[in-house]
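Predicted model, so just to flag it, every value in this text is computed and none were measured. To find a chain, count down the sequence lines: A is the first, B the second, and so on, and within it residues start at 1.
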Amino acid sequence: MRDSVRVRYAPSPTGFPHVGNIRTALFNWLFARNMGGSFIVRIEDTDVARMVDGAVESILDGLRWLGLDWDEGPEVGGEYGPYFQSQRLGIYQPIVQRLVRDGHAYLCYCSPERLEEMRLEQTRRKEPPGYDRRCRSLSNEERARLEDEGITPVIRFKTPLDGETRFNDLIKGEVAFKNSTLDDFVLLKSDGYPTYHLANVVDDHLMAISHVLRADEWLASTPRHILLYNALGFEPPQFAHLPMILGSDRSKLSKRHGAVSITEYQDQGYLPEAMVNFLALLGWSLDDRTELMSREELVKNFNLERISRTSAIFDLKKLDWMNGVYIRQLSQDELLERLMPFLESGLPTSVERPISLDYVRKIIPLVQERMRTLGEGVELYDFFFINQPDYDAELLLGKTLDRERASGALGISLDRLSGLDSFDSESLEGVLRLLSSELGLKTGEFFGLIRVATTGRIAAPPLFQTMAVLGRERCLGRIEEATRRLSRRGPEQ
RNA sequence: GGCGCAUUCGUCUAGUGGUCAAGGACACCUCCCUCUCAAGGAGGAGAUCGGGGGUUCGAAUCCCCCAUGCGCUACCA
């Protein structure tokens with residue numbers, strides 16, 4: 001059993017689920033599924049001050065949305081629980097006491113103020129900042145005196161003063177750190193909570209984690225963790241540090257680069273399967289050409305060997321393209337189902353609810369290949385739903401028409417269209433094409449005019465089909481309105 | 001400042017000593033299709049592989065130095 005692959009995603013509930021973070025979750029999940037191992041979720045809620053309400057829920061929602069199911073963790077339990085570190089406090093205490101007893105850790109009474117001052121002084125003198133180990137060798141009397149002052153100590157790890165710590169990272173390769181560059185980091189805070197370093201190491205061991213796949217930013221902490229594993233007499237897991245995801249300016253991806261929370265992408269109408277595919281390719285590749293892969297194909301092919309060592313910039317344009325590809329791959333019924341919630345919440349309240357499924361069903365074939373996100377679909381094609389789109393009368397004229405000609409064309413169109421037996425796309429095309437040549441207008445000019453009149457936009461789905469879906473009444477009404485708009489602002493132009 | 005990691009088209013990447021005068025994708029440009037926009041099709045432009053030294057018959061691939069970027073350097077994770 002010890003040989004089986006067990007990986008974990010260990011988020012800290014201090015905010016929204018960042019896409020970089022979720023990518024880490026994805027890689028862990030893919031690795032577990034590929035190896036037939038277990039994917040565990042563990043909540044690292046050891047920083048009471050930074051906890052954010054609802055963060056756990058939104059992290060779990062993000063995982064669920066992407067279909068990253070976990071074998072052990074919140075809600076599903078498991079034999080290594082509990083899976084919230086705040087519920088494991090009783091586990092860390094005795095372990096840290098043992099460390100103190102064995103001489104691997106010590107009590108530190110230094111105040112935050114002193115530490116702050118010390119760091120300031122160190123940077124001023126251009127020395128590497130780090131704890132100066134003042135409490136590492138306290139005499140019994142000194143310790144007793146500090147205890148009497150009522151100071152609650154923290155517990156620090158007694159980092160070896162010399163030697164070096166090396167390990168073989170599965171992605172970066174052999175990495176070595178001199179122990180002298182590491183300071184005596186805190187294991188147990190004065191509020192009784194463990195730090196990340198302690199809790200993470202203890203829990204990874206207790207939960208029999210075989211591989212730690214985490215972001216690159218942890219690489220520098222790994223020697224501390226290895227030292228801790230050794231002091232504890234635990235076998236360290238294998239480490240694999242994932243490249244980071246950066247914003248367009250190469251700095252750490254953050255708010256100013258746009259959406260960073262996975263829930264924002266969900267809200268904007270990105271498809272989870274597209275998101276999974278896109279995220280998987282940020283730092284991993286199958287070969288020199290395969291890009292579109294289903295979840296099953298990703299699981300089947302994923303491996304650590306092909307994870308890149310260099311950080312990747314999040315390219316929204318490519319995500320948009322890929323999302324469009326996935327939208328086009330959907331069956332019309334599937335797209336209908338996925339689009340409805342966006343229409344219900346995105347369309348103005350003036351549009352009657354519930355929105356008619358049958359009506360949307362007719363629109364789907366016209367918009368499917370034009371959408372990159374579901375949310376964008378609502379914005380681009382709202383003219384199918386609202387009463388009268390608003391637009392600048394100038395748009396009716398395009399580049400070539402004048403007001404007179406346009407009004408005339410609209411008038412005749414109104415006539416012909418109201419006399420049409422059947423308002424279907426073929427009949428519309430027949431009538432309008434004929435009219436176009438009668439008027440001596442190029443189809444581009446004339447259809448452009450009608451397009452703006454009926455949709456309020458210069459770019460829309462194919463005109464005749466669009467008009468057929470809109471229906472006679474609405475089209476005629478909008479053409480009348482267009483005529484009004486032309487005359488209203490005409491003269492003073 | 002110290003330590004660590006990285007460095008191939010604008011971006012994601014392929015590439016592990018010769019088949020690379022570097023391949024694919026997004027984005028960009030042109031053309032075709034066409035009532036617009038998309039989608040689709042056909043092309044194009046775009047990287048002297050961060051720079052400099054080696055090693056070798058031969059280097060994007062190996063070694064060294066430099067530069068740059070990023071990360072860490074908390075009683076945050």
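Side-chain nitrogen and oxygen atoms of A/K318 include none within less than 4.0 Å of the OP1 or OP2 phosphate oxygen of B/rG10. Within the 4.0 Å cut-off from OP1 or OP2 of B/rC72, not a single side-chain nitrogen or oxygen of A/R214 is found. Using a 4.0 Å cut-off, some side-chain N or O of A/T46 falls inside it from OP1 or OP2 of B/rA77. An OP1 or OP2 oxygen of B/rC37 is reached within less than 4.0 angstrom by no side-chain nitrogen or oxygen of A/R451.
Not less than 6.0 angstrom separates the ring centroid of A/F278 from the ring centroid of A/Y270. The aromatic ring centres of A/F314 and A/Y265 sit less than 6.0 Å apart.
Residue contacts for A/L432: at a heavy-atom cut-off of 4.0 Å it reaches no nucleic acid atom on any strand shown. Within the nucleic acid shown, A/V175 comes within 4.0 Å of sugar-phosphate atoms alone, with no base atom in reach, counting heavy atoms only. If you check every strand for non-hydrogen atoms under 4.0 Å, A/T14 touches nothing. If you check every strand for non-hydrogen atoms under 4.0 Å, A/A176 touches sugar and phosphate atoms only. Nucleic acid contact class of A/F314 (heavy atoms, under 4.0 Å, all strands): none. Residue A/P243 is out of contact with every strand shown, counting any heavy-atom pair closer than 4.0 Å.
Side-chain proximity of A/Y196 to B/rA14, B/rG1, B/rA77: nearest is B/rA77. Nearest to the side-chain atoms of A/R250 among the listed nucleotides B/rG71, B/rG15, B/rG69 stands B/rG69. Which of B/rU36, B/rC26, B/rA39 sits closest to the side chain of A/K317 comes down to B/rC26. Out of B/rU13, B/rG24, B/rC75, the shortest distance to the side chain of A/R289 is found at B/rG24.
On the C1' atoms, B/rG24 is 23 Å away from B/rG18, given to the nearest whole Å. B/rG23 and B/rG46 have their C1' atoms separated by 14 Å, given to the nearest Å. Using atom P as the reference point in both B/rA60 and B/rU16, the two lie 12 Å apart (nearest Å). Spacing between B/rG51 and B/rA42 at atom C1', rounded to whole Å, works out to 40 Å.
Enclosure of atom CG in A/D287 by more than 12 non-hydrogen atoms of other residues, nucleotides or ligands within 6.0 angstrom is indicated.
A distance of 8.5 Å separates CG in A/D320 from CD in A/Q268, rounded to the nearest 0.5 Å.
Spacing between atom CZ of A/F447 and atom P of B/rA38 amounts to 19 Å, rounded to whole angstrom units.
A donor-acceptor contact under 3.5 Å is formed by the side chain of A/R370 with the base of B/rC37. Judged by atom type and distance alone, A/S190 reaches the base of B/rC75 through a side-chain donor-acceptor pair under 3.5 Å.
For the pair A/K255 and A/F16, the cation sits on the ring face: its NZ or CZ lies under 6.0 Å from the ring centre, inside 45° of the axis.
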